Student: 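Sending over a structure as structure tokens; questions will come in a sec.
None of these values were measured; they are calculated from a predicted model.
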Amino acid sequence: MNIKRLSACALLALGLGAVATAQAHRAWMLPSATVLSGDNAWVTVDGAVSNSLFYFEHHPLRLERLEILSPTGAQVEAQNRAEGRYRSMFDVELTEEGTYTLQMHRQGAFARYQLDGEPKRWSGPVNRIDEIPANATDLQVSEIDSRMQVFVTRGEPSNANFKPTGQGIELLPLTHPNDLVTEEPVSFQFLVDGNPAEGLSLLLIRDGIRYRDQVGEIELTTNAEGRVELVFDEPGMYWLEVELEQPSQHIDGAKRRLSYSATLEVLPL
Amino acid sequence: MQWKKLTAALLLSSATGPVLAVALSVQVEIPSLQVAEYHRPYVALWIETDKGRHQQDLAVWYDLEMKDNEGTKWLKDLSLWWRRSGRQLEFPVDGLSGATRPVGTHELFFAADSPQLANLPEGAYHLVVEAAREVGGREVIRLPFQWPVTHTQQQQQQGEHELGRVALQLMP
């Protein structure tokens, strides 16, 4: 199947309005600490896909795409990886001073279709969508760019890992993500494909949903410079999510779905 | 120690040393706590401007004696001080690091020409004392003062959780 053909199918699928994009589940990583001192510092990190934050209740997070960058940009190996029924976990030894970035960046295309009456799914690089059988029906395809990040700092926070790559949604810390406290203004900038993104909707949800009646989401929108500013009233672990849908530049008629998520710790002042 | 006794001590040592240079003294009481598991608190003392900007570290008491510098693992629990200063330092720090102190009142003296005070610009400041205890809590006390010292200033506050009485005296 070539791209043109696919696009026709995609258009068809879109026309049917059958694209089920809504994914209620949230994917996240939860570090044991984000601010560390001492010469022998480790963090242990849980990963899960769940509805409620931060509870293990649905699926473990797959760690295939996990990438860990040291403060100097070196690739760090995750240790003690394990996958349980509801969560996965790994450890990271923080041998350098500064900020480590733990991330998963997923790019490519995702498709659902029917083949001989069977529902099928396919995902892969955009340039390999011709792997989808030509006789597939009910094809729904979208381009994906999703990024999930967690930051942990031993000693003084550092910024070397925040150089934008120009791909997907990225966070530029005007306030360092490991320097968040209640009562002090926090500001972040968001880029889409390297450019400041106006009008992005941000969602922040604090840990411990089980113990309160209202989720209490914080909703924010980026300004013309792609910035948001806020003051956290309560300390805790927060899950940040940004989602954006735009037309794909690579697959005619398909949507490109971009997302960014991060787990941020806010400490009491 | 009472202020009277302190004065006496100062006078006494004036015979042998540059006592008149003593400008700032702090008393920190580590309270006796009825808890199942007690560890001596980590304590940091520093000077910040009245706007809350970190100016000068005075002392940090932590588990200095542990092998492999392991006591530094909990320095981040002095979370205010860690953010303001500690995370920028390499431990131990000469003239700053000290061992944790037992229950009781502990005093620190700083001369006007000491490295801690010699370069302090004229202004309004707070002495900040932060304590954090393993399996316990955290407490911060601030006492205001003016620098340089033109007249004797005394401030004190009673802690409620991890600190007892904290007192500051400045003498011209």
Student: Between A:N161 (side chain only) and A:S70 (backbone N and O only), is there a donor and an acceptor less than 3.5 Å apart?
Tutor: yes
Student: Where on B:D68 is there a heavy atom nearer than 4.5 Å to chain A: the side chain, the backbone, both, or neither?
Tutor: backbone
Student: Does any backbone or side-chain atom of A:N40 lie under 4.5 Å from a heavy atom of chain B? Answer side chain, backbone, both or neither.
Tutor: neither
Student: Looking at A:R147 and A:Q167, would you say the former's side chain and the latter's main chain have a donor-acceptor pair under 3.5 Å?
Tutor: yes
Student: Under the 3.5 angstrom rule, does the side chain of A:T222 hit a backbone N or O of A:V228 as a donor-acceptor pair?
Tutor: no
Student: Below 4.5 Å, heavy-atom pairs only: which of B:L75, B:L80, B:L89 has the largest tally toward chain A?
Tutor: B:L75
Student: Does any heavy atom of chain B fall under 4.5 Å from the side chain of A:L36, the backbone, both, or neither of them?
Tutor: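 Contact with chain B: backbone only.
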Student: So, A:S50 side chain and A:S52 main chain: donor-acceptor pair closer than 3.5 Å or not?
Tutor: yes
Student: Quick check for you: among B:R83, B:E70, B:E90, which has the greatest number of heavy-atom pairs under 4.5 Å with chain A?
Tutor: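 Looking at each of B:R83, B:E70, B:E90 in turn, B:R83 comes out on top.
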Student: Closer than 3.5 angstrom, by distance alone: can the side chain of B:S114 be matched with the main-chain N or O of B:F110 as a donor-acceptor pair?
Tutor: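 No, the answer is negative, given that no donor and acceptor are paired below the 3.5 Å cut-off.
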Student: Quick check on the structure: residues of residues 170-208 of chain A within a heavy-atom distance below 4.5 Å of chain B, by number.
Tutor: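 At a heavy-atom separation under 4.5 Å, chain B is reached by A:N178, A:D179, A:V181, A:E184.
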Student: Salt bridge or not between B:E139 and B:R133? Use side-chain N to carboxylate O under 4.0 Å.
Tutor: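 Between B:R133 and B:E139 there is no salt bridge, as every charged N stays at least 4.0 Å from the carboxylate O atoms.
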Student: Check each atom of B:W74 against the heavy atoms of chain A and say whether the ones under 4.5 Å are side chain, backbone, both or neither.
Tutor: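 Only the backbone of B:W74 comes within 4.5 Å of chain A.
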Student: Are any of the side-chain nitrogens in A:E156 or B:R87 under 4.0 Å away from the carboxylate oxygens of its partner?
Tutor: no
Student: Has the side chain of A:S259 got a donor or acceptor atom that lies under 3.5 Å from a matching backbone atom of A:V242?
Tutor: no
Student: Under 4.0 Å between a side-chain nitrogen and a carboxylate oxygen: does that hold for B:R165 and B:E29?
Tutor: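 Salt bridge: no.
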